[in-house]
Number of protein chains: 2
Amino acid sequence: MSQGNRCVSIQADQARACTVREALDRVGGKWSIGILIAASQGPIRFTELERQVEGISRRMLTLTLRNLERDGLLHRQVHPTVPPRVEYTATPMAQELYESLVALTRWAERHREGISAARAAYDREHGAPVG
Amino acid sequence: MSQGNRCVSIQADQARACTVREALDRVGGKWSIGILIAASQGPIRFTELERQVEGISRRMLTLTLRNLERDGLLHRQVHPTVPPRVEYTATPMAQELYESLVALTRWAERHREGISAARAAYDREHGAPVG
DNA sequence: CAGCATCCCAAGAGATACTG
DNA sequence: CAGTATCTCTTGGGATGCTG
């Protein structure tokens, strides 16, 4: 996942935009949020994540876990048993992140209808999305 | 930009995740935020956006504008003069969205250092990103 | 000026077989 | 069990020439 946004030498209001993107880049992937939330309830194993986060492939689960771990949002605990047992836990930083996302959740709930109305209107005026 | 997340028949905590993604999908693109913020200051023309949102291509500007308009986040006002004059303005819904993003901004600022420290540590333990 | 059309490339993501 | 390796396909995005 990309992290090439340096935020240098840009206008004042675009700098704010850039700070927001910093946060979004950590959570923008298709699966990050789902994993983070599942791991917020307490330690959770790889296979359990695979079940709880619906539709995720093994590959994307691994990749997303690695990125979240690298960013310090997940802690990875390996138990050297056989068969192996690896547990993931959301760090305090990730918990805080989720709380910040609540505002966004509420926005989405408040405007869910408004948005689909806007879309319907747009698609009526212009050509429908498919057709 | 994708909108294939239907949020049906999933576990309770993953439903929350899905609501968050609803909001993120509207703002997840590389350019949405920059455009939204620029258009929050008042009506702004196509070419001005092209200048203020640094690095954006003509194509992506057009595409992102269309999506934001369709979602009801931007209002598009055409003045039928010659040469043409088109102005974009953030809707109240978009203004609210930005306010919700403030929490996220603050999170990013608070943890900017923590994150890059985590990355440095990770890259030290495992192989460096390029190496 | 605003913005579509076209071409091209890279990153994101799905499926799945294999392994310590 | 918890991944890695590989292959493929789709999507996002850059560059740019053309036009009402």
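Quantities reported herein were computed from a predicted structural model and do not represent experimental measurements. Below, each value reflects all heavy atoms present in this structure, side chains not excepted, and no hydrogens, waters or symmetry copies.
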For this session: For A:Leu61 and D:dA5, give me the distance from atom CG to atom P, rounded to whole Å.
Result: 16 Å
For this session: Give one of base, sugar-phosphate or nothing for B:Arg59, where a contact means two heavy atoms less than 4.0 Å apart.
Result: base
For this session: Grab the NE2-P distance between A:His79 and C:dG20 for me, whole Å please.
Result: 24 Å
Exercise. When you match A:Gly55 and B:Val86 each to their closest nucleotide on DNA chain C, which lands nearer the 5' end?
Worked result: B:Val86
For this session: Pick base, sugar-phosphate or nothing for A:Arg45, based on heavy-atom distances below 4.0 Å to the nucleic acid.
Result: sugar-phosphate
For this session: Determine: side-chain N/O of A:Lys30 to OP1/OP2 of C:dG14, distance under 4.0 Å, yes or no.
Result: yes
For this session: Evaluate the ring planes of B:His111 and B:Trp107, with Trp represented by its six-membered ring, and classify them as parallel (under 30°), tilted (30 to 60°) or perpendicular (over 60°).
Result: tilted
Exercise. Is there a donor-acceptor pair closer than 3.5 Å between any side-chain N or O of A:Ser40 and the backbone N or O of A:Ala90?
Worked result: no
For this session: To the nearest Å, give me how far apart CZ (B:Arg85) and C1' (C:dA2) are.
Result: 12 Å
Exercise. Of the candidate nucleotides C:dA13, D:dT16, C:dC4, which contains the atom at the shortest distance from the side chain of B:Thr62?
Worked result: C:dC4
Exercise. When the distance from CD of A:Glu48 to C1' of D:dG3 is rounded to whole Å, what number comes out?
Worked result: 17 Å
Exercise. Side chain of B:Arg58: nearest nucleotide among D:dG3, D:dG17, C:dG14?
Worked result: D:dG17
Exercise. Is there a donor-acceptor pair under 3.5 Å between the side chain of A:Thr105 and the backbone N or O of B:Val20?
Worked result: no
Exercise. For the side chain of B:Arg66, counting heavy atoms from C-beta on, which of C:dC4, C:dA2, C:dG14 is nearest?
Worked result: C:dC4
Exercise. Within this structure, what is the CD-to-C1' distance between B:Glu50 and D:dT16, rounded to whole angstrom?
Worked result: 12 Å
Exercise. Any idea which of D:dA15, D:dC1, C:dG14 is nearest the A:Thr47 side chain?
Worked result: D:dC1
Exercise. Does B:Tyr88 put a side-chain nitrogen or oxygen below 4.0 Å from OP1 or OP2 of C:dG3?
Worked result: yes
Exercise. Pick the nucleotide of DNA chain D nearest each of B:Trp31 and A:Glu87; which residue has the one closer to the 5' end?
Worked result: A:Glu87
Exercise. In whole angstrom, what separates B:Met60's CE from C:dC8's P?
Worked result: 19 Å
For this session: Take atom CG of B:Asn67 and atom P of D:dG13, then tell me their distance rounded to the nearest Å.
Result: 10 Å
Problem set entry | Donor-acceptor pair, side chain of B:Thr64 and main chain of B:Leu61, under 3.5 angstrom | no
Problem set entry | Note: B:Glu96-A:Arg110 ion pair, threshold 4.0 Å (strictly below) | yes
Exercise. Over how many whole Å does the gap from A:Glu54 atom CD to C:dG14 atom P extend?
Worked result: 14 Å
